[in-house]
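These notes are about the structure you will find just below.
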Amino acid sequence: MAGLELLSDEGYRVDGRRAGELRKVRARMGVFAQADGSAYIEQGNTKALAVVYGPHEMRGSRSKALHDRALVNCQYSMATFSTGERKRRPHGDRKSSEMTLHLKQTFEAAILTQLYPRSQIDIYVQILQADGGNYCACVNAATLATIDAGIPMRDYVCASSAGFIEDTPLADLNYVEEAAGGPQVALALLPKSDQIALLEMNSRLHEDHLEQVIEAASKACKDVYAVLDQVVRDHVHEVTTLLGE
Amino acid sequence: MAAIEIRLPVARKLVVQSLAQGSDKHLVAPGDTITTDTGYMRGHGTYMGDEKLVASVAGAVERVNKLICVKALKTRYNGEVGDIVVGRVTEVQQKRWKVETNARLDSVLLLSSMNLPGGELRRRSAEDELAMRDYLQEGDLISAEVQAVFSDGAVSLHTRSLKYGKLGQGVLVQVSPSLVKRQKTHFHDLPCGASVILGNNGFIWIYPTPEQKDEEAGGFVTNLEPVSLHDREVISRLRNCILALVAQKLMLYDTSIVYCYEASLPHQIKDVLKPEVMQEIVLETRQRLLELEG
């Protein structure tokens, strides 16, 4: 992408943010009545919807049941209208099955699965609008939905991406920055204990810069955590006040 | 051709602001440290993370002496002995039925913990096992009581009373189990002309009040006589009222349902589902309940 300046001399990015700044995050819990837990999140123009069912009896093949913990079943999908070009994505295209696997890995690390032997927890996420950081938006939405479902977790899981452009680490990349093809790191963090649930990097990055980029990503994760925590607390406060008792 | 009603998006009004701010509860979110004192016992919704007691769900902290629990706002149903549940049969196995009760594992109803036609003390023979599908088959709704809870959280049910058994004609509403208030009785004949079973598992069954009480329940023959229009209207209105109460997070029990039903009478049945009407009738219900408490 010649000619497009991703980071101006004054230190602004294409959408007017500073290097370490997040996009605006808006979220809501409990958007569906039918599911056990649900949440909707907007991170800038990236919009995601997550629903959680369970823990419930194993559906489908009962042989997959684990006798000492719950099985976490994830499914990632993108709406046909989510990208600039309308595209039908039948189940099982390579990108989404990879994403599904990552989500499963992330949430098996966070959910206290050993409390629910022989049962199954389903997490379904869908991207409604894709503008960079799809994995991160999905993780954040699924965290809220899991909390809404009352499923015990070690901690929140917050995810954010970071890139490295013109010797500066950039947090929370948008679509334009992602498409420029620079190195990109996606990090899912348990913010209270600083444990990493998932770290993924595409394209090459010099070892010397890795620490800086991870630093920027984990800073962004903690910023996301602050926002999600506020959403959860407001929701809990509202519902307990309504319930009275 | 009926006119179509279209509404524009409106900002949600927070009901919390209009209610008295009396929340002195200790609210936590997952990962919050509840206490660093090691003298406490770890209850549900918490875990030990290096010398600290940490919350694992979002909700209010409950302390009983040295035991600390966190109660989540909504969860799946956790069975307790003596609870009344409404469930749906999902599977017929040898000597038992599997029943979906909104718990984390399917519940079981043993053939031996059920009253079969022809006397209470009757040996269960092999013929009974073969005829199990004649009593209850997949998809049937039943009301039952929790007999035992297994170590993995699965529940065993029994229907050893004429109160329980197969459910006939009526409407099922599924709500969160935390919205059903625990009471002495969960079977109510409401003055408006219908009956409800408020299952502790959040399944609510609304049905026309049976005329002859004694031999109706517990049987496996469902009454298939047409239900009168008036009864059907009452049932539909009750259903919509319960949905309104759930949407506004008011506890469900006989008084709240009756009050909500009475508040909804000026509106048409279908209008009860409109958000503004819901808000109005539930607010009225809240007021009356507060007056009742004094």
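The sequence lines fix the lettering, A, B, ..., with proteins before strands; numbering per chain opens at 1.
Each of H56(A), H235(A), Q34(A) has some count of heavy-atom pairs under 4.5 Å with chain B, and the biggest count is that of H56(A). Note: D148(A) leads L115(A), I111(A), D148(A) in heavy-atom pairs under 4.5 Å with chain B. The choice from P117(A), G30(A), P55(A) that makes the most heavy-atom pairs within less than 4.5 Å of chain B is P55(A). Interface check for chain A: of the options D32(B), T75(B), V28(B), D50(B), the most heavy-atom pairs under 4.5 Å are formed by D32(B). Counting heavy-atom pairs closer than 4.5 Å to chain B, the top residue among I147(A), D155(A), D36(A) is D36(A). Chosen from S119(A), A33(A), G54(A), G37(A), the residue pairing most often with chain B at heavy-atom distances under 4.5 Å is G54(A). Of the listed residues (K98(B), E100(B), E91(B), Q174(B)), the one with the most heavy-atom contacts under 4.5 Å to chain A is E91(B).
Atom CD1 of I123(A) and atom CZ of F107(A) lie 5.0 Å apart (nearest 0.5 Å). Here CZ of R286(B) is found 15.0 Å from OH of Y259(B). Values are rounded to the nearest 0.5 Å. Residue S178(B) holds its OG atom at 8.5 Å from NZ of K249(B), rounded to the nearest 0.5 Å.
Side-chain N/O atoms of Q120(A) and D122(A) include a donor and acceptor closer than 3.5 Å. Using modelled atom types and a 3.5 Å distance limit, the side chains of Y77(B) and D83(B) yield a donor-acceptor pair.
The backbone N or O of V86(B) sits less than 3.5 Å from a side-chain atom of N201(B), completing a donor-acceptor pair. Remark: side-chain polar atoms of D229(A) are not paired, donor with acceptor, to backbone N or O of A226(A) under 3.5 angstrom. A donor-acceptor pair is defined here as one N or O able to donate and one able to accept, closer than 3.5 Å; such a pair exists between the side chain of R17(A) and the backbone of D172(A).
Of the two parts of V232(A), only the side chain, counted from C-beta on, holds a non-hydrogen atom closer than 4.5 Å to a non-hydrogen atom of chain B. Looking at I121(A), there are no atoms closer than 4.5 Å to chain B (heavy atoms on both sides), in backbone or side chain. At a 4.5 Å heavy-atom cutoff, the contact between R233(A) and chain B is made by side-chain atoms alone. Only the side chain of L73(B) comes within contact range of chain A, with at least one heavy atom under 4.5 Å from a heavy atom of that chain. With a 4.5 angstrom heavy-atom cutoff, A103(B) touches chain A only via backbone atoms. There is no contact between A154(B) and chain A, counting heavy-atom distances below 4.5 Å.
Using a 4.5 Å cut-off on side-chain heavy atoms (C-beta onward), M78(A) and N134(A) make contact.
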